[in-house]
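Each ligand, and each atom within it, is numbered from 1 in the order the structure gives.
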Amino acid sequence: MMRQAANVLAFASFALADVQPTAPDLGVPFSITQYWGAYSPYYNAANYTAPPDGCTINQVNLLQRHGARYPTSSDGKDFKASAEQLQSAKSFNGSQYDFLSNWSYQLGEDDLVPFGAAQSYDAGQTHYTRYASLVNSSNLPFLRASDSERVVETALNWSAGFAFASSGALSSPQLTVIIDQSTNDTLDDNMCPNAASSDDETDAWKDVFAPSIEDRINNDAPGASIGKSDVANLLQLCPFETVAFEQPSPWCNLFTQDDFEGLEYYLDIDDFYSTGYGNSLGPVQGVGWVNELIARLTDQPVQDATQTNSTLDSDPSTFPLGQSFYADFTHDHEMIAIYSAIGIFPQSGNLSTSEADPNRTWFISRLVPFSARMIVERMDCGGTANLRILVNDAVQPLAFCGSGNGQCTVTDFVQSQSFARSNGNGVWSQCS
Ligand SMILES: *[C@@H]1O[C@H](CO)[C@@H](O)[C@H](O)[C@H]1NC(C)=O
Ligand SMILES: *[C@@H]1O[C@H](CO)[C@@H](O)[C@H](O)[C@H]1NC(C)=O
Ligand SMILES: *[C@@H]1O[C@H](CO)[C@@H](O)[C@H](O)[C@H]1NC(C)=O
Ligand SMILES: *[C@@H]1O[C@H](CO)[C@@H](O)[C@H](O)[C@H]1NC(C)=O
Ligand SMILES: *[C@@H]1O[C@H](CO)[C@@H](O)[C@H](O)[C@H]1NC(C)=O
Ligand SMILES: *[C@@H]1O[C@H](CO)[C@@H](O)[C@H](O)[C@H]1NC(C)=O
Ligand SMILES: *[C@@H]1O[C@H](CO)[C@@H](O)[C@H](O)[C@H]1NC(C)=O
Ligand SMILES: *[C@@H]1O[C@H](CO)[C@@H](O)[C@H](O)[C@H]1NC(C)=O
Ligand SMILES: *[C@@H]1O[C@H](CO)[C@@H](O)[C@H](O)[C@H]1NC(C)=O
């Protein structure tokens, strides 16, 4: 008991400031980076608070998105084409366009950028500092990653940061399982080919927010004749160049805060209708991971008939039970599917594609920025097994399994997860 009491105090006294961040300051106002949706550099949605008095964390389940990356190869081609379209204008009215005379597309493809690696490393440091009492040299976190280079590199950077923060007490946790994305994979949304894309919804919103920006830029740049898709592409060059080159991209200066709010909602809608509540085959793509979580929380074998690989999950070397720290590395669309399968960030209906509600609770930069993290903390509260869920350090209310104060018993949580336990109420069979 003495030891537990001391741990509670230790948690309370740690501040993020105890960790030396390695990720550089990008020089862009936070107020703008928040509008970059899934391309926002990581920021915490709330300050971490220790669990209530009398509760001791005894298991951590971390689910983390890869850090900041280059555009995907297909997006990159589109961004480059839109930029060159604008560069082809006969003239430009405004010094904000001057950089275009000597600009060329210099971004890589798909992979983590150094800033993204640094934010992942910093997450490892933070998590060691916060959860040091749960690990020791013979009980290191158990790591899995989806087999995409940026996700694997994120896991390795997180692991290095975790070990570094222990000041030599621990070696880097091994990345034990890397799951092929062409197979059964609970860390990727690769197994539901029949799920609709979000194109209809993002196109509808583009028709609302892009025309005035299109007109303004075409007025400033006669001969460019950019279209609405070019507007969306050029806006995204601001975040991607900024995180890649670690300085404010000149593309950011072509746009106003209103323009970025339009982009933000575009990205919010994109994820909502891809694997979130707006897609009838979205949440079911998170079910496999939720069933793995239930197995870890309850020390019982995995029961699932969706995305899990029974070969991996029935083998203690690839799916051990009874661990105190699990860390899984994944992608944003899979995290959104998992949030929606669990029932966090509940929505009263579909997001409008004609109007952005400023009071909405679905802000992708708070849900899945680069290097986003969901943590399920299991704790012993005077003999009762409770849990709480933090998304980017914000404690989720969990009204579906408790009073909405941010805690549930593990039993009530498992009970509440009937969607996952029923393999998505039969919806999975529609995926392929
Ligand atoms: C965290 O706490 C600091 C210091 O009190 C405060 O300035 C900051 O706004 C808080 N961050 C969040 C996300 O609430
Ligand atoms: C250039 O832009 C300024 C400010 O938007 C505007 O007042 C001016 O009329 C424009 N000039 C031309 C030649 O379009
Ligand atoms: C043009 O860009 C190149 C490469 O980015 C840079 O080295 C050079 O200084 C730039 N020239 C001007 C006039 O800005
Ligand atoms: C390491 O942690 C495990 C699990 O909490 C515990 O059983 C073991 O005694 C610890 N080992 C050392 C050397 O502290
Ligand atoms: C961190 O990520 C970078 C960029 O992807 C990679 O080059 C580096 O090897 C990673 N660090 C570790 C410790 O694996
Ligand atoms: C399951 O995992 C094993 C071990 O990694 C692999 O060989 C097999 O192809 C996977 N099967 C499916 C259906 O994903
Ligand atoms: C939400 O939108 C999706 C995709 O358009 C649609 O399939 C679903 O029926 C909508 N749900 C509601 C409650 O309107
Ligand atoms: C892979 O997933 C499919 C679809 O849910 C399932 O039928 C199959 O049994 C799974 N394979 C393994 C090895 O778990
Ligand atoms: C947003 O919420 C505020 C405070 O509750 C309210 O005054 C405002 O009318 C709401 N805005 C919209 C567009 O619903």
Side-chain angles (χ1 to χ4, degrees), residues 34-35 142-149 151-152 155 174-195 205 208-209 257-258 260-262 264-266 268-269 272 275 279-296 300-321 326-331 333-334 337-338 340-341 345-363 366 397 404 417-432:
Q34 273 182 299
Y35 296 124
F142 184 83
L143 272 56
R144 301 188 305 174
S146 202
D147 191 8
S148 150
E149 186 171 328
V151 177
V152 168
Q174 287 265 318
L175 175 53
T176 307
V177 180
I178 300 177
I179 308 176
D180 187 330
Q181 295 190 164
S182 66
T183 64
N184 291 19
D185 183 359
T186 54
L187 300 175
D188 191 27
D189 59 322
N190 64 335
M191 291 177 66
C192 195
N194 291 345
W205 174 246
V208 175
F209 91 91
Q257 173 163 337
D258 272 1
F260 281 110
E261 287 181 23
E264 174 184 49
Y265 195 57
Y266 178 80
D268 290 350
I269 285 184
F272 182 80
T275 51
N279 191 315
S280 58
L281 295 179
V284 74
Q285 298 182 66
V287 156
W289 190 87
V290 177
N291 284 328
E292 291 179 331
L293 171 68
I294 290 172
R296 289 166 166 181
Q300 297 292 321
V302 176
Q303 293 192 30
D304 177 73
T306 65
Q307 281 164 301
T308 48
N309 179 329
S310 55
T311 309
L312 290 174
D313 283 10
S314 60
D315 181 345
S317 67
T318 48
F319 198 88
L321 294 172
Y326 297 96
D328 285 339
F329 295 86
T330 182
H331 298 273
H333 281 183
E334 183 55 32
I338 289 166
S340 307
F345 303 101
Q347 302 295 307
S348 54
N350 276 343
L351 293 187
S352 163
T353 55
S354 57
E355 202 175 13
D357 177 358
N359 293 336
R360 69 190 178 279
T361 54
W362 188 270
F363 290 95
R366 285 182 217 160
Q417 297 302 297
S418 57
F419 180 71
R421 290 184 297 107
S422 66
N423 298 305
N425 291 333
V427 166
W428 179 250
S429 61
Q430 295 167 30
C431 271
S432 56

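The 12-atom threshold is exceeded at CD of Q347, counting heavy atoms of other residues, nucleotides or ligands nearer than 6.0 Å.
With hydrogens and angles left out, the side-chain atoms of T186 and Q307 include no donor and acceptor closer than 3.5 Å. In the model, T275 has no side-chain atom that pairs as donor or acceptor with a side-chain atom of Q285 under 3.5 Å.
At under 3.5 Å, a nitrogen or oxygen of N359, whether backbone or side chain, sits near a nitrogen or oxygen of ligand 9.
Shown here are the salt bridge (charged side-chain N to carboxylate O under 4.0 Å, His left out) partners of E334, two or more places apart in sequence or in another chain: there are none. Residues satisfying the ring-ring contact (aromatic ring centres under 6.0 Å, His included) test with F272, not counting sequence neighbours, are W362.
Sorted by chain and number, the residues within 4.0 Å of ligand 6 by heavy atom are T183, N184, N309, L312.
How far CG of N279 is from SG of C192: 7.5 Å, rounded to the nearest 0.5 Å.
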Quick one: side chains of residues 311-321, donor-acceptor pairs under 3.5 Å with protein atoms, not counting sequence neighbours, listed by atom name and distance.
from: T311; atom 1: OG1; to: N309; atom 2: OD1; distance (Å): 3.4
from: S314; atom 1: OG; to: S310; atom 2: O; distance (Å): 2.6
from: D315; atom 1: OD1; to: S317; atom 2: N; distance (Å): 2.8
from: D315; atom 1: OD1; to: S317; atom 2: OG; distance (Å): 2.9
from: D315; atom 1: OD2; to: S317; atom 2: OG; distance (Å): 3.2
from: T318; atom 1: OG1; to: L312; atom 2: O; distance (Å): 2.6
from: T318; atom 1: OG1; to: D315; atom 2: O; distance (Å): 3.2

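Annotation for ligand 8: atoms under 4.0 Å from non-hydrogen atoms of T306 are 2 (O), 4 (C), 5 (O). In the vicinity of W428, heavy-atom distances shorter than 4.0 Å reach the ligand 8 atoms 4 (C), 5 (O).
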